[in-house]
Colleague: 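Starting off with a structure, shown below.
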Protein chains: 2
Amino acid sequence: MLVHMTSAPTWTIAQIADEFGVTHRTVRHYEDLGLLSPERLGTRRIYHRRDRTRLGLILRGRRLGFPLEQIRTIVDLFDAPRGRRAQLEYVLGQIDERRIDLERRLKDAQEALHELGEFERRCRDDLATLEGAQAHVMGRYAARPGRVQR
Amino acid sequence: MLVHMTSAPTWTIAQIADEFGVTHRTVRHYEDLGLLSPERLGTRRIYHRRDRTRLGLILRGRRLGFPLEQIRTIVDLFDAPRGRRAQLEYVLGQIDERRIDLERRLKDAQEALHELGEFERRCRDDLATLEGAQAHVMGRYAARPGRVQR
DNA sequence: GCGTATCTTTACGTTTACGTCAACGTAAAG
DNA sequence: CTTTACGTTGACGTAAACGTAAAGATACGC
């Protein structure tokens, strides 16, 4: 190993799977769906840097909740020829559609984080009240009716 | 209907489903999972404002890609008693976990939008070049090798 | 009070995104 | 040359999130 150090680095399926925190089954599943198409050496799969880039894109799309089929159209978009004008305009249209989705998700996440912050503040207030009361009125809140949790 | 106008407004399953853009089957599925628990009048379901609030939360969680089971723990969190100190600390811990998830999603969405913007810029550049070249070197890009798309 | 529309439960089907064997090939180590 | 570790292709399983179809209950509009 490490013969000349001039050749481009490659990875096996187990290596990229490990690195990205997924199973080899997941990687192969993405290949079945046409999301990845690694080089073959005999039957073995050889992953190059561009495959890693694509896998990164795929997993981010997945974290964002996009279905894999939609993700495929996106990563394909990045690799599309874009030579002809019609193709470019098609791509630009697709970009706009994706952007709308993403902006929706961005807004959702921001709102959720905001509400979470508000909620945390209320909880901390409750906790502070509880602490203050504890010195004088021990168990003041024990009488509160409430469902049993978990 | 509309007897006194003094009573709180209520909705049927079809009404809230329509309003939120989901099917009644989806709403009932959420009930099966304990995400909603509308009042019953005989066998009929009656939805109040709090049910609408919860459904809004659920659907936002869904758009964010959270699994319904996780969503359930979140909406339950908002309704939890929070009386005792241990409960409050548990809730605060949960909030932190959710926040980490949400921040990840937020970052993912921001990065994706950024890359999408970069990509769009490149496409527009290509398009401009194509326009400019068209006057002098017609079909300059036609010789580009590239896979056939769709 | 009768038909039509809406709502109900029950139950099985579908899609997506993988997990989980089974059975076999291959390459390097001892 | 055998062991051991990976890698490969099917094929089937499964969990989540609903869809869909059937068959009966209930309310409304006239």
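We name chains A, B, ... by the order of the sequence lines, and we start the count at 1 in each one.
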Colleague: Does a side-chain N or O from B:T12 land closer than 4.0 Å to OP1 or OP2 of C:dT6, or not?
Modeller: no
Colleague: Holding to side-chain contact (heavy atoms from CB on, under 4.5 Å), I want the full list of residues that pass it with A:D18, two or more places apart in sequence or in another chain.
Modeller: none
Colleague: Show which side-chain atoms of residues 108-116 of chain A pair as donor or acceptor with protein atoms under 3.5 Å away, not counting sequence neighbours.
Modeller:
unit_1: A:D108; atom_1: OD1; unit_2: B:R63; atom_2: NH2; d: 2.9
unit_1: A:D108; atom_1: OD2; unit_2: B:R63; atom_2: NE; d: 2.6
unit_1: A:E115; atom_1: OE1; unit_2: B:R60; atom_2: NH2; d: 3.3
unit_1: A:E115; atom_1: OE2; unit_2: B:R60; atom_2: NH1; d: 3.1

Colleague: Return the residues of residues 46-58 of chain B meeting this criterion: a heavy atom under 4.0 Å from some atom of DNA chain C. Order them by number, or give none.
Modeller: none
Colleague: Test of understanding: with side-chain contact (heavy atoms from CB on, under 4.5 Å), list the residues that count as partners of B:E31, not counting sequence neighbours.
Modeller: B:P38, B:R40, B:R45, B:Y47
Colleague: How is the base pairing of DNA chain C summarised as a dot-bracket string, given the Watson-Crick and G-U wobble criteria with both distances under 3.5 Å, [ ] for crossing and | for another strand?
Modeller: ||||||||||||||||||||||||||||||
Colleague: Starting from C1' on D:dG7, measure out to CH2 on A:W11 and report it in whole angstrom.
Modeller: 19 Å
Colleague: With sequence neighbours excluded, tell me which residues meet side chain to side chain donor-acceptor pair (under 3.5 Å) with A:E39.
Modeller: A:H48
Colleague: Mind checking what makes side-chain contact (heavy atoms from CB on, under 4.5 Å) contact with A:S37, not counting sequence neighbours?
Modeller: none
Colleague: So, does B:R72 use its side chain to make a donor-acceptor pair with the main chain of B:L33 at under 3.5 Å?
Modeller: yes
Colleague: Rounded to whole angstrom units, what separation is found between the CG atom of B:L59 and the C1' atom of D:dC18?
Modeller: 13 Å
Colleague: Please give, in whole Å, the distance from C:dT8 C1' to B:L41 CG?
Modeller: 14 Å
Colleague: Does D:dG7 have OP1 or OP2 sitting under 4.0 Å from an N or O in the side chain of A:R40?
Modeller: no
Colleague: Once you round it to whole Å, what is the distance between P of C:dC12 and CG of B:D32?
Modeller: 15 Å
Colleague: Rounded to whole Å, how long is the line connecting atom CG of A:D18 with atom C1' of D:dC6?
Modeller: 12 Å
Colleague: Return the set of residues passing side chain to side chain donor-acceptor pair (under 3.5 Å) with A:D51 (not counting sequence neighbours), or none when no residue passes.
Modeller: none
Colleague: According to side-chain contact (heavy atoms from CB on, under 4.5 Å), who are the partners of A:T23, at least two apart in sequence or on a separate chain?
Modeller: A:R25, A:T26
Colleague: Whole Å only: how far is the CD atom of B:E31 from the C1' atom of C:dT9?
Modeller: 12 Å
Colleague: Could you note down all residue pairs passing ring pair (Phe, Tyr, Trp, His ring centres under 6.0 Å) where residues 55-87 of chain B supplies at least one of them, sequence neighbours left out?
Modeller: A:F119-B:F78
Colleague: To the nearest 0.5 Å, tell me how far A:L77 CG sits from A:I71 CD1.
Modeller: 13.5 Å
Colleague: For nucleotides 17-26 of chain C, read 5' to 3', which letter fits each nucleotide if B means a protein heavy atom sits under 4.0 Å from the base, S means only the sugar-phosphate is that close, and - means neither?
Modeller: BBBB----BB
Colleague: Linking Ile, Leu, Val, Met, Phe, Trp and Tyr through side-chain heavy atoms less than 4.5 Å apart, which residues share a cluster with A:L41?
Modeller: A:I46
